[in-house]
Amino acid sequence: MRVPVAVKVGAFALVVMGTYTYYANSIPQIQSKPPAELSLEGGNVTPAQLVKAGEEIFHTKGTCEICHRIGQKGTRAPDLAGIGARAGKTKPGMSAKQYIIESLLQPGAYIVEGYPNIMPQVDKPPIALNRSELWALVAFLESLGGNVDVTLDDIPKTAGAAAAGGAAVEIKIPGDPKAGEVVFTTKGGCIACHKAGKIGASPVGPDLSQIAKIQTPDYIMKKILDPAGSGTVAGFPKGVMPPMFGQTLTAKEYVDLVAFLMTLK
Ligand code: HEC
Ligand code: HEC
């Protein structure tokens, strides 16, 4: 007797991870919505569906728009209009697909002229896209002026591994975010140049309201101690962020400040 195939795996299974330990363990004061995970493994997906799913990820979970705009310059990151066409000409011997995949998984491998090396690896926290999501995202980027030819096999098996199964380990900042907010507004003087959620309004430096969504604690910690060492955020003046916080802040103030910044998402 043949066993009927009872269940056909849907092409777009949207799996909501109820308890996603990475978010749950991070900053207790912040109630983050558990992120939805897209799984396309084993599904029959048309290129058009893939591009649509990728576009959605670009605007939502990918957080790409906090840095990149399509058809708009002057932001933290390059305008991605036409990336599907130009990606094949950027690095000799590399196809558009290969360049786009490298841009997402190893952003530092090629630095677009005029920009600092500050793009996070998008398969690692805080963005932490899985393989299906990377696949869709590459298809979307290819569709911006190029041909959609990416397959799931093009995405390295190791990509997004940390995100799968909630195994991602987030560095837990031991500081007190409330005390850190006070450092931000008083002794640190950060508020003179930065907006941070409900507080501040200065446009001198980048708006930090969503900094923890797009950057690692490591980047934030280094930026405070050595602003120039991480490069200058595009669209902002060089040498304006003071370099002496490592001397003026106590260790506790520094850790509290970082803990506060990690709540900004
Ligand atoms: C923190 C800001 C930031 C975030 C978030 C970010 N990027 Fe970037 N990205 C950059 C910067 C800055 C560059 C240019 C420097 C470089 O080449 O690494 C860049 C470069 C790129 C490039 C190469 C562009 C070119 O013209 O060659 C691609 C493609 C790209 N990003 C895609 C994405 C996608 C897709 C996302 C969302 C999943 C994303 N980025 C998220 C900052 C960011
Ligand atoms: C006098 C103005 C000024 C003060 C004060 C200042 N910053 Fe900045 N900050 C800037 C500017 C301008 C940039 C963007 C240029 C750059 O990268 O150096 C920046 C960049 C940053 C970034 C990177 C943002 C991103 O989008 O990648 C972080 C994080 C940051 N500042 C945190 C702080 C903190 C925390 C303090 C207080 C301890 C502080 N800043 C004080 C001007 C300032």
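For this chain, numbers begin at 1 and follow the sequence in order. Counting convention: from 1, in listed order, for ligands and their atoms alike.
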Counting only heavy atoms from other residues, nucleotides and ligands, does the tally under 6.0 Å from CG of N117 exceed 12? yes
For atom 13 (C) of ligand 2, what's the nearest protein heavy atom and its distance? P206 CD, 3.3 Å
Using a strict 4.0 Å cut-off to heavy atoms of I83, name the atoms of ligand 1 that fall inside it. 24 (C), 25 (C), 26 (O), 27 (O)
May I ask whether N117 has any heavy atom positioned less than 4.0 angstrom from an atom of ligand 1? no
Between V112 and ligand 1, which part of the residue brings a heavy atom under 4.0 Å of the ligand: side chain, backbone, both or neither? both
Got the closest protein heavy atom to atom 18 (O) of ligand 1, with its distance? P107 O, 3.2 Å
Tell me the contacting part of L137 for ligand 1: side chain, backbone, both, or neither, using a 4.0 Å heavy-atom threshold, strictly below. side chain
For P237, atoms of ligand 2 separated by under 4.0 Å from a heavy atom: 12 (C), 15 (C)
Heavy atom of the protein closest to atom 27 (O) of ligand 1 (residue, atom name, distance): Y99 OH, 2.4 Å
Side chain or backbone of M241 under 4.0 Å from ligand 2, or both, or neither, by non-hydrogen atoms? both
Counting only heavy atoms, which portion of L249 has something under 4.0 Å from ligand 2: side chain, backbone, both, or neither? neither
Hey, is ligand 1 close enough to Q215 that some N/O pair sits below 3.5 Å? no
Under a 4.5 Å cut-off applied to non-hydrogen side-chain atoms, are D256 and P177 in contact? no
What protein heavy atom lies closest to atom 38 (C) of ligand 2? Include the residue and the distance to one decimal. C190 SG, 2.7 Å
Looking only at protein heavy atoms, which one is nearest to atom 37 (C) of ligand 1, and what is the separation? C64 SG, 1.9 Å
Looking at ligand 2, is there an atom of it that comes within less than 4.0 Å of some heavy atom belonging to S230? no
Can you tell whether the side chains of D79 and R69 come within less than 4.0 Å, N to carboxylate O? no
Carboxylate-amine/guanidinium contact K97 E142, below 4.0 Å: no
Counting only heavy atoms closer than 4.0 Å, does ligand 2 sit against the backbone of L208, its side chain, both, or neither? side chain
List the steps, then state whether salt bridge (charged side-chain N to carboxylate O under 4.0 Å, His left out) holds for E102 with K91. CA-CA 11 Å; E102 186 188 78; K91 276 176 97 171; 2.8 Å; yes
Measure the distance from atom 23 (C) of ligand 2 to every protein heavy atom, then report the residue, atom name and distance (to 0.1 Å) of the closest one. Y219 OH, 3.5 Å
Is the count of non-hydrogen atoms from other residues, nucleotides or ligands lying under 6.0 Å from K187 atom NZ greater than 12? yes
Numbering as shown, the atoms of ligand 1 that approach G62 to under 4.0 Å (heavy-atom distance): 37 (C), 38 (C)
Proximity to ligand 1 by part of P78, non-hydrogen separation under 4.0 Å: side chain
Mode of I214 contact toward ligand 2 - side chain, backbone, both, neither (heavy atoms, under 4.0 Å): neither
V233-ligand 2 polar pair, N/O distance under 3.5 Å: yes
Residue pair V138 / L50, side-chain heavy-atom distance below 4.5 Å: no
Select one of side chain, backbone, both or neither to describe which atoms of I100 lie under 4.0 Å from any atom of ligand 1, heavy atoms only. neither
Please confirm whether the ring centroid of Y99 lies under 6.0 Å from the ring centroid of Y110. yes
Shortest protein contact, atom 3 (C) of ligand 2 (heavy atom only): C193 SG, 2.6 Å
For atom 8 (Fe) of ligand 1, does an N/O/S atom of S103 lie at less than 2.8 Å? no
L261 neighbourhood, listing ligand 2 atoms whose heavy-atom distance to it stays under 4.0 Å: 35 (C)
Check H194 against ligand 2 and report side chain, backbone, both or neither, counting heavy atoms closer than 4.0 Å. side chain
Counting only nitrogen or oxygen atoms and a 3.5 angstrom limit, does H68 reach ligand 1? yes
Counting from 1 in the order shown, the ligand 2 atoms closer than 4.0 Å to a non-hydrogen atom of V204 are 12 (C)
Checking heavy atoms under 4.0 Å, the part of P242 that sits near ligand 2 is side chain
Checking contacts here: is it the side chain or the backbone of R76 that comes within 4.0 Å of ligand 2, counting heavy atoms only? Could be both or neither. side chain
Give me the nearest non-hydrogen protein atom to atom 5 (C) of ligand 1 as residue plus atom name, then the distance to 0.1 Å. C67 SG, 3.5 Å
For the backbone of E65 and the side chain of H59, can you confirm whether one donor and one acceptor N or O come within less than 3.5 Å of each other? no
Between L257 and ligand 2, which residue portion shows a heavy-atom distance shorter than 4.0 Å: side chain, backbone, both, or neither? side chain
Where's the contact between T90 and ligand 1, heavy-atom distance under 4.0 Å: side chain, backbone, both or neither? neither
Interfacing atoms of ligand 1 (cut-off 4.0 Å, heavy-atom, I111): 16 (C), 17 (O)
Could you tell me the residue and atom name of the protein heavy atom closest to atom 11 (C) of ligand 2, and the distance to it rounded to 0.1 Å? G205 CA, 3.7 Å
Quick one: nearest non-hydrogen protein atom to atom 26 (O) of ligand 1, plus distance? R86 NH2, 2.7 Å
How far is atom 15 (C) of ligand 1 from the closest protein heavy atom, and which atom is that? P116 O, 3.6 Å
In terms of hydrophobic clustering (I, L, V, M, F, W, Y; side-chain heavy atoms under 4.5 Å; direct or indirect links), are F236 and I111 co-clustered? no
Could you tell me whether the side chain of K265 reaches within less than 4.5 Å of the side chain of Q210, counting heavy atoms only? no
Of the protein's non-hydrogen atoms, which lies at the shortest distance from atom 22 (C) of ligand 2, and what is that distance? K223 CG, 3.6 Å
